[in-house]
Protein chains: 2
Amino acid sequence: MAPSVPAQPHTELARHEAHCEDCGLNLICLPVAVDDDDLHRLETIIERGRPLQRGEHVFRSGTPFESIYAVRSGAFKTYRLTPDGDEQIMGFHLPGEIFGLGGLGHENHSNAAVALETSAVCEIPFDRVEALAREIPGLQRHMFQLLSKEISEDEQLLVLLSKRSAEERIAALMLSLSARLRRRHLSATRFRLPMSRGDIGNYLGLVVETVSRVLTRLQNQGVIEVEGKEIHILEPERLTAIAGTQVQSAGA
Amino acid sequence: MAPSVPAQPHTELARHEAHCEDCGLNLICLPVAVDDDDLHRLETIIERGRPLQRGEHVFRSGTPFESIYAVRSGAFKTYRLTPDGDEQIMGFHLPGEIFGLGGLGHENHSNAAVALETSAVCEIPFDRVEALAREIPGLQRHMFQLLSKEISEDEQLLVLLSKRSAEERIAALMLSLSARLRRRHLSATRFRLPMSRGDIGNYLGLVVETVSRVLTRLQNQGVIEVEGKEIHILEPERLTAIAGTQVQSAGA
DNA sequence: CGACAATTTGACTCAAGTCAACTAGGGTGG
DNA sequence: CCACCCTAGTTGACTTGAGTCAAATTGTCG
């Protein structure tokens, strides 16, 4: 917009993590067993975007599919529009996670992705990945694995939506978030939800009122403590019991 | 089991379709724009299995992932076990469709696949596909597309489970089956359901009683005619209206 | 022909949705 | 700095679509 503005704080931030090798997330988003040379080649195709404000889209449904994305900081949701025009959230994406795989083989994105808070992404042009995948043995397999993991997660969610009660769904989501934070060596018992109650409900197939009621019920039971978006898991075992399922660190 | 049994009828059948190029389904299951030479190379890695009886498994959850499969005839369902031990059906697979992609990058299958009626599959060893994908340009992309299509279908189903009424779900499934039969140039308005009411319910997140009730309700409304597993779609437009959604030929 | 599995139908229940009112935060502009 | 507004979240009262339980019917296969 304004090309003459001086260096912004986020530029500073971007500079700090200008290379994948320096990025603390690379073991999470790039666990390809490749040598330094391969890593460098992979790294050259990755573009680091400017920060996005809450509500800004990374891509929209129907726009040409060109890249996949890795969350650098913040959080995103991906969603698709149902025939009658309202959104269905397909997933929440935390730092180190890849999103945008849904539209992969297709001409256009079937989903849209939007920032839930101030966030940053790495953009990875897919045609370059595709070309590189033919040369770096591990990369093709890694891509297959990413896609297959996405399928597993969607199927995990299908089970949740098709068979579980409101309480079980919400417990499972809390545990999924918790596990994913743990993977990043952050607190697994105290965290801030990046999404609204409405988003949680939309994702889990529940209305906001139900989400709200279940959260207070869990709080009254002493399993968690809720204060707005701040969650404190007091009794992880009981929460796991309520979820009634081993929640994969993958999930949502 | 009994190595001395004489040539069985199905061996005869297999001989009839001993090559992909002869198989009437190849435009459906192998729409890779490859030349004859490539097709031949691809063809050499495909193994044609013996027919499977209703209830026989192609693979089970937890067994090593080695191959993906194409339905040659009959029908299959894939399912996973929920933590509390009952099954959740992830999809139904008709001739020309690929299944078994779920466990792709992983060591073991997360899902199981079982024949819904007497059926036959082509087995495609995945390591061979992987190797070949590095050489045949279109094949890698085709594999990505298959995986991504699987994701789209799961997401389609997620929308169905999270937002739709019992009537909409069942209408959508009927339309999905109808569209997939049309693609094979079979009747899109009269067909036989390969799965039980229980399977339909399991897949759509409904109990059998609800499936049964909705089917009779749709029949009373004159939208479809039901006689056991035989379905006759009398008014496709009304069924589409009830489904409330453009159902992709993909689906289920 | 039985025996068992699948399907249908009815009566009743309940978890989650709907509707509505109220409260708490989070800016914005005067 | 505060009054105001708007959105997000909570809570309560009531409704309802789909689940549960149970019984009758049909279909299937040895």
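Lettering of chains follows the sequences in order, A, B, ..., and the numbering in each one begins at 1.
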Handout entry: Check: B:Tyr69 ring centroid to B:Phe76 ring centroid under 6.0 Å
Key = no
Exercise for the section: Name the nucleic acid region contacted by B:Ser196, choosing base, sugar-phosphate or nothing; use a 4.0 angstrom heavy-atom cut-off, strictly under. Expected result: sugar-phosphate
Practice task
Determine the contact category for A:Gly228: base if any of its heavy atoms lies under 4.0 Å from a base atom, sugar-phosphate if only primed atoms, P, OP1 or OP2 are that close, otherwise nothing.
Solution key: nothing
To the nearest angstrom, how far is [X] atom [atom1] from [N] atom [atom2]?
X        : N      : atom1 : atom2 : answer
B:Asn220 : C:dG10 : CG    : P     : 10 Å
A:Glu227 : C:dG25 : CD    : P     : 8 Å
B:Gln219 : C:dT7  : CD    : P     : 15 Å

Problem - Any B:Lys229 side-chain nitrogen or oxygen under 4.0 Å from OP1 or OP2 of D:dG27 - result: no
Problem - A:Glu97 bridged to A:Arg184 by N-O distance under 4.0 Å - result: no
Practice task
Answer yes or no: is there a donor N or O on one side and an acceptor on the other, between the side chain of A:Arg164 and the main chain of A:Ala172, under 3.5 Å?
Solution key: no
Problem - Min side-chain heavy-atom separation B:Phe99-B:Val71 under 4.5 Å - result: yes
Handout entry: Heavy-atom check, side chain of A:Leu239 versus side chain of A:Leu234, under 4.5 Å
Key = no
Handout entry: Test log, rule side-chain contact (heavy atoms from CB on, under 4.5 Å), inputs B:Val211 and B:Ile170
Key = CA-CA 7 Å; B:Val211 174; B:Ile170 288 180; 4.1 Å; yes
Completion exercise
Reading nucleotides 12-24 of chain C from 5' to 3' and marking B where a protein heavy atom lies under 4.0 Å of the base, S where only the sugar-phosphate is that close, and - otherwise, the string is ----SSBBB----
